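Treat the numbers as computed from the prediction; the structure is a model and nothing was measured. Numbered from 1 within each chain, the chains take letters A, B, ... in sequence-line order.
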Amino acid sequence: MIAEVYVDIPASPVDKPFDYQIPEKLSDFVRPGMRVIVPFGRTKRLGFVASLKEESSFGKLKTIERVVDNLPVLTGELLDLGRWLADTTLCPTVSAFLAMLPAVMKAEYHKILTAENTEQLQLRFPRLAQLFLSGKMIEWDVIEKKHPERLKEVNEALDENIISLNRFVGNQANARKVLAVSAAVPRERLIKAAEGLDARSIRQKEVLSFFIESDQQLQLPVSELIKKYHFSRETLGRLVKKSLLKQEFIEQFRDPYVHRPGPPTRPLPLTGEQKQALTPILNSIEKSENRVFLCHGVTGSGKTEIYLQAIQKVIALGKQAIVLVPEISLTPQMVDRFKGRFGAEVAVMHSGLSRGEKYDEWRKIREGLVKVAVGARSAIFAPFERLGLIIIDEEHETSYKQDDSPRYHARDVAIYRAHRHGCPVVLGSATPSLESYARAQKKVYTLLSLKDRFNHHPMPPVEIVDLREEMREGNHSMFSRVLFNKIRDRLKKGEQIVLFLNRRGYSTFVMCRSCGTVIKCPHCDISLTYHHAGRLLKCHYCGYEERAPETCPACGSDSMRYFGTGTQKVETELNRLLPEARVIRMDVDTTRQKGGHEKLLRQFGEQKADILLGTQMIAKGLDFPKVTLVGVLAADSMLHLPDFRASEKTFQLLTQVSGRAGRHDLPGEVVIQSYTPDHYAIVDAAHHDYARFYHEEMQIRHRLGYPPFYFLALINLTHSEPARAADAAERIVSMLKNNLSRSARIYGPVVPAIARIKDRYRYQCMVKYKREPALFPVLRKISLHFQNTGKDGLQLSIDLNPVVLM
DNA sequence: AGCACGCCGACT
DNA sequence: GTCGGCGTGCTC
């Protein structure tokens with residue numbers, strides 16, 4: 001038998017199956033979707049078996065060296081999906097395969113030097129010999145990194161066969177080995193040895209009788225013998241030394257993920273609207289219909305309960321479901337809700353798990369031990385074989401698009417898989433993406449609307465405050481008088497406040513008032529943000545930090561001033577103006593440690609603070625009954641970013657933040673501060689009017705030729721030399737112009753808003769198109785042509801249907 | 001991605 | 001005359 005194998009080299013010249021002979025004894029065993037180790041050129045690589053066949057047109061076949069998996073890690077469906085992903089996102093097929101699997105399944109490649117002739121090595125290359133561990137082995141990488149001056153000797157020694165170079169492919173998933181002890185000799189000899197022991201060797205005797213009484217094959221990890229049976233390491237060691245016991249590394253699985261079982265929950269009674277939305281979904285599930293539903297429900301309309309009851313149906317039919325949520329809303333409360341309803345039938349994939357735990361959750365799915373997978377973007381690849389439903393909550397979130405290769409959108413993958421399985425997809429959002437809503441309008445998707453909040457509380461009233469007017473009237477603070485008074489009022493009443501500002505740090509830039517110099521990152525074309533803790537200037541793009549200078553580095557004057565407002569400055573101001581208010585600040589800087597996010601939210605929920613001040617991350621999912629005021633400090637902060645989706649993002653964010661107020665018995669209200677209070681994104685969000693925003697924004701998209709009217713392809717070029725990047729971009733534009741139809745609009749090369757990131761200069765080209773059969777072939781040609789240009793050289797990336805243009 | 005093959009400049 | 005730069009091509 002012959003296997004067609006994709007080797008683990010993400011480069012276009014090898015992005016095709018290679019034929020390998022399957023060894024006789026493995027011929028019944030190897031199946032498509034398994035990982036194998038194959039010799040490739042003069043190296044060894046991991047590979048994926050794509051298919052089997054009887055004969056190869058290729059003459060001299062090499063043989064598969066090892067099969068990694070017992071059960072194929074990729075099902076037939078996922079193999080097809082991988083090829084489809086590679087086709088539609090222009091990435092190498094292996095990259096698509098690897099993206100569908102937990103990270104531990106990536107191979108590790110080792111190059112090991114072994115001493116063949118220790119004496120010769122000592123004699124001829126004494127200094128090199130010193131590096132060899134116990135005189136025998138060393139990893140090539142160690143020499144390359146730590147002792148590069150010895151590389152020449154390595155090559156000589158290799159030539160003279162004094163040392164040899166061996167490669168092996170490691171597997172992180174199997175790397176979890178643990179030292180275990182077992183009997184080294186037959187039982188009779190153990191008994192005899194026990195009798196012959198010195199009278200004082202009580203402990204050794206105990207260990208021996210343990211092994212005499214147990215199964216002779218028994219292997220127990222040393223850690224368990226110590227912890228559970230209270231033997232000591234020393235005692236075990238002595239018996240190993242006497243060769244009565246033997247030690248070896250065995251593979252051990254982690255303890256299965258034990259979750260504190262929350263209180264089980266039952267289906268809640270549904271409102272009329274909820275029933276109306278749920279019924280068609282249930283029908284589709286029952287009929288195995290491949291339909292896409294767009295569930296447009298205001299914040300608090302009870303979408304989650306609809307999801308839960310739909311999943312219940314899926315499980316009842318013996319099928320499985322995938323639920324995608326944005327990483328940020330994958331909070332313990334959210335997880336508990338699913339665990340509470342479906343108990344041990346849920347696997348949860350989130351970034352808080354270690355790689356090993358993710359692997360275990362994945363295996364539960366692959367082995368059919370669970371029925372539901374809940375997770376962020378990559379959970380869309382959950383290897384279920386009988387999918388009955390896919391749910392994408394907050395479908396408009398940009399995090400569903402992966403921002404490096406393979407640049408896939410989870411929504412597209414969901415629709416592909418649902419088509420394959422014959423099952424419905426439910427997209428849920430209070431603020432659907434224009435793309436999805438437009439499809440619903442065209443009846444490609446089925447629209448389900450939930451206009452009422454679950455508990456019939458009205459949406460909170462929203463007041464827009466014109467900051468220009470505040471300025472004119474002499475208020476230069478970051479709080480308008482209206483907002484400030486309302487904050488004071490809530491503090492007095494003992495109610496809680498959420499303040500939102502989409503900028504972290506203290507000041508957004510530092511400028512010298514005497515010469516106008518703005519301090520910039522030395523590696524990126526962007527100003528540095530001042531952080532008060534440690535008086536540091538930080539780059540939010542590459543992480544560069546420096547001490548804030550006392551005097552201007554350009555002219556030496558001492559008139560450095562801090563401009564722009566970040567969350568830290570707001571916090572300081574709150575403490576100064578309202579010393580009695582207890583403030584929790586939540587942004588990347590205060591939640592960096594694991595679990596920091598939840599800790600702060602719990603404190604706020606327990607009312608250990610009056611004000612929750614934060615960035616993006618507080619916009620979603622929070623539900624605190626005592627919150628009666630939400631303040632948006634600067635609604636314009638995202639509005640003027642150079643991205644055609646800036647208005648959409650602003651509308652979505654404002655709508656979400658507003659949804660945090662008055663969710664329970666206390667009525668809430670919202671104050672939005674803005675310098676452009678008449679902007680439709682702000683006005684429509686204030687009126688909770690999605691339909692109106694949609695119409696206004698669609699007109700603009702139509703006029704400017706943006707999605708959903710046109711498709712986009714974005715080509716990014718970076719190089720350490722600006723001219724080289726520009727040159728490549730120039731050539732790419734002319735290739736596009738020569739190959740595409742007249743109806744395709746080709747833009748560029750342009751320098752993006754941030755012209756340089758991490759010392760690499762950036763250029764972009766863009767294509768807007770409606771139907772362009774020639775596009776993919778040209779893009780493939782381009783990526784082939786501009787690929788192998790070295791490490792420090794040109795880097796090219798192609799993003800189809802990008803979600804961020806910057 | 002590696003690695004060999006191959007064709008032109010600065011050294012023993 | 002050699003050592004070594006990186007352009008081109010191949011890996012079942």
Side-chain angles (χ1 to χ4, degrees), chain A residues 1-24 26-27 30-68 79 83 86 90-99 105-113 139-145 148-149 151-156 158-159 164-171 404-406 719-721 724 727-728 731 780-797:
Chain A
M1 282 291 261
I2 314 272
E4 292 194 328
V5 175
Y6 281 92
V7 289
D8 178 21
I9 297 170
S12 20
V14 287
D15 187 17
K16 56 179 181 185
F18 285 77
D19 291 353
Y20 283 89
Q21 190 66 51
I22 301 174
E24 198 62 45
L26 289 176
S27 57
V30 175
R31 276 184 284 156
M34 284 181 173
R35 292 173 301 157
V36 289
I37 308 297
V38 291
F40 191 74
R42 58 200 58 221
T43 81
K44 283 176 197 169
R45 305 299 288 202
L46 183 78
F48 288 89
V49 176
S51 56
L52 303 177
K53 56 187 184 184
E54 296 289 339
E55 269 168 49
S56 170
S57 56
F58 204 84
K60 42 183 174 73
L61 293 191
K62 289 188 179 175
T63 304
I64 288 177
E65 186 177 295
R66 190 159 66 84
V67 181
V68 182
L79 281 169
R83 283 181 283 233
L90 297 170
C91 79
T93 313
V94 254
S95 307
F97 287 158
L98 286 167
M105 294 207 176
K106 278 207 191 101
E108 282 174 341
Y109 296 98
H110 301 275
K111 280 161 89 178
I112 301 269
L113 295 170
E139 258 193 85
W140 172 280
D141 287 9
V142 175
I143 295 191
E144 200 171 38
K145 285 197 193 93
E149 71 284 357
L151 278 175
K152 243 182 105 181
E153 294 173 31
V154 168
N155 283 327
E156 274 178 59
L158 276 171
D159 280 349
S164 65
L165 176 64
N166 298 294
R167 296 156 197 276
F168 73 93
V169 182
N171 183 346
D404 47 45
S405 172
H719 197 285
S720 49
E721 298 291 330
R724 296 282 298 276
D727 181 53
R731 283 162 62 196
R780 268 189 210 103
K781 208 162 104 191
I782 289 170
S783 69
L784 204 66
H785 194 268
F786 289 91
Q787 203 173 42
N788 276 336
T789 9
K791 287 213 165 34
D792 203 42
L794 189 73
Q795 278 174 20
L796 167 106
S797 74

Self-check item: Results of ring pair (Phe, Tyr, Trp, His ring centres under 6.0 Å) for A:Phe48 - residues two or more places apart only
Solution: A:Phe97

Practice problem: May I ask you to check if A:Arg45 and A:Tyr109 form a cation-pi contact, with NZ or CZ under 6.0 angstrom from the six-membered ring centre and within 45° of the axis? | Solution: yes

Quiz item: Does the side chain of A:Tyr6 pick up a donor-acceptor pair with the side chain of A:Asp15 at under 3.5 Å?
Solution: no

Exercise. Let me know the distance between CG of A:Leu784 and P of B:dA1, rounded to the nearest Å.
Key: 12 Å

Just the atom pairs and distances: protein N or O near nucleotides 4-6 of chain B's N or O, under 3.5 Å.
residue	atom	partner	partner atom	Å
B:dA4	OP1	A:Arg42	NH1	3.3

Quiz item: Rounded to the Å, how far apart are A:Ile9 CD1 and B:dG2 P?
Solution: 7 Å

Quiz item: Picking from C:dC12, B:dC3, B:dA1, which would you name as closest to the side chain of A:Thr43?
Solution: B:dC3

Exercise. I would like to know whether A:Glu139 and A:His110 meet side-chain hydrogen bond (donor to acceptor under 3.5 Å, both in side chains); could you show each step before the answer?
Key: CA-CA 7 Å; A:Glu139 258 193 85; A:His110 301 275; 3.2 Å; yes

Exercise. Could you check how far CG of A:Leu158 sits from P of B:dC3, rounded to whole Å?
Key: 11 Å

Quiz item: How would you label the contact of A:Phe40 with the nucleic acid (heavy atoms, under 4.0 Å): base, sugar-phosphate, or nothing?
Solution: base

Quiz prompt | Phosphate OP1/OP2 of B:dG2: any A:Arg45 side-chain N/O under 4.0 Å | solution = yes

Practice problem: Return the value, rounded to whole Å, for the distance between atom NZ of A:Lys16 and atom C1' of C:dG9. | Solution: 11 Å

Practice problem: Round to a whole Å and report the spacing from CD1 of A:Ile22 to C1' of C:dC12. | Solution: 13 Å

Quiz item: So do the side chains of A:Leu52 and A:Pro32 get within less than 4.5 Å of each other, counting heavy atoms only?
Solution: yes

Quiz prompt | Electrostatic pair A:Asp19-A:Lys53, nearest N-O below 4.0 angstrom | solution = yes

Quiz item: Can a side chain N or O of A:Arg167 be found less than 4.0 Å away from OP1 or OP2 on B:dA1?
Solution: no

Practice problem: Answer yes or no: are there more than 12 heavy-atom neighbours, outside A:Lys111 itself, under 6.0 Å from its atom NZ? | Solution: yes

Practice problem: From the options C:dC12, B:dA1, B:dC3, select the nucleotide whose nearest atom is closest to the side chain of A:Lys62. | Solution: C:dC12

Practice problem: Figure out the OH/P separation between A:Tyr109 and B:dG2, and round it to whole Å. | Solution: 9 Å

Practice problem: Can you tell me the distance, in whole Å, between the CZ atom of A:Phe58 and the P atom of C:dT11? | Solution: 5 Å

Quiz item: Does C:dC12 have A:Phe18 stacked on its base, where the ring centres are within less than 5.5 Å and the planes differ by under 30°?
Solution: no

Exercise. Would you mind reading off the distance between A:Tyr6 atom OH and C:dT11 atom P, rounded to a whole angstrom?
Key: 17 Å

